[in-house]
Amino acid sequence: MENKNLGKVEISPRALAVIVSIAVNEVEGISKLIGSIKNEAFEKMGKKEYFKGVKLNFEDNELNVEVSCCLKSGYSVNKVVSNVQENIRNSVYNMTELNTKTININILGIDY
């Protein structure tokens, strides 16, 4: 099969943040992502911000991810964080073929 270069593909940071957000919320034990006050104001107005709690940075063609979230009560922090990191890495690579350099998870609270 012949491979023809049809043009350039760019993936917006917002699209990447949505991929990361969905990957985080798929993991059992995660309660919610924690965003900034701006994100919470948008939600009160009825607008869902899928990228809240997700920070992205590119360095040497690799993606650095930082996620802030709350854990559900009764779950092991280490197991949930490990599952979140693995799910983010797999989801980003499978959908974009981008490699992740670091995936930092900040657990900001426990929801009972």
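When a residue number appears, it is its place in the shown sequence, counting from 1. Everything numeric in this text was worked out from a predicted model, so none of it was measured.
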Notebook entry, point to check: Are the side chain of Gln85 and the backbone of Ile103 linked by a donor-acceptor contact shorter than 3.5 Å?
Noted result: yes
CD1 of Ile30 to CD1 of Ile105, rounded to nearest 0.5 Å, is 7.5 Å
Salt bridge (Lys or Arg N to Asp or Glu O under 4.0 Å) pairs touching residues 96-110, sequence neighbours excluded, are Glu59-Lys101
Nearest heavy-atom approach of Leu98 to Val92 is O-CG1, 3.8 Å
From the list Val80, Val67, Val84, Val81, side-chain contact (heavy atoms from CB on, under 4.5 Å) partner of Ile107 resolves to Val81
Leu108 meets the side-chain contact (heavy atoms from CB on, under 4.5 Å) criterion, sequence neighbours left out, with Ile34, Ser68, Asn106
Residues 69-94 vs salt bridge (Lys or Arg N to Asp or Glu O under 4.0 Å), sequence neighbours excluded, gives none
Taking every heavy atom of Pro13 against every heavy atom of Leu56, the minimum-distance pair comes out as O-CD1, 3.4 Å
When rounded to the nearest 0.5 Å, the distance separating OG1 of Thr96 from CG of Leu16 is 6.0 Å
Separation between CD1 (Ile110) and CG (Leu71), nearest 0.5 Å, reads 4.5 Å
Note to self: Please check: side-chain N/O of Asn94 versus main-chain N/O of Asn90, any donor-acceptor pairing under 3.5 Å?
What the structure shows: yes
Counting N and O atoms only, with roles assigned by atom type, does the side chain of Asn87 sit under 3.5 Å from a partner on the main chain of Ala23, one being a donor and the other an acceptor? yes
Separation between CG (Asn78) and CG (Asn83), nearest 0.5 Å, reads 11.0 Å
(message) According to a hydrophobic-cluster definition based on side-chain heavy atoms being under 4.5 Å apart (Ile, Leu, Val, Met, Phe, Trp, Tyr only), do Val18 and Tyr93 belong together?
(response) no
Rounding to 0.5 Å, atoms CG (Asn64) and CG (Asn104) come to a distance of 8.0 Å
For Asn25 and Leu33, the nearest pair of non-hydrogen atoms, with its separation, is ND2-CD1, 3.8 Å
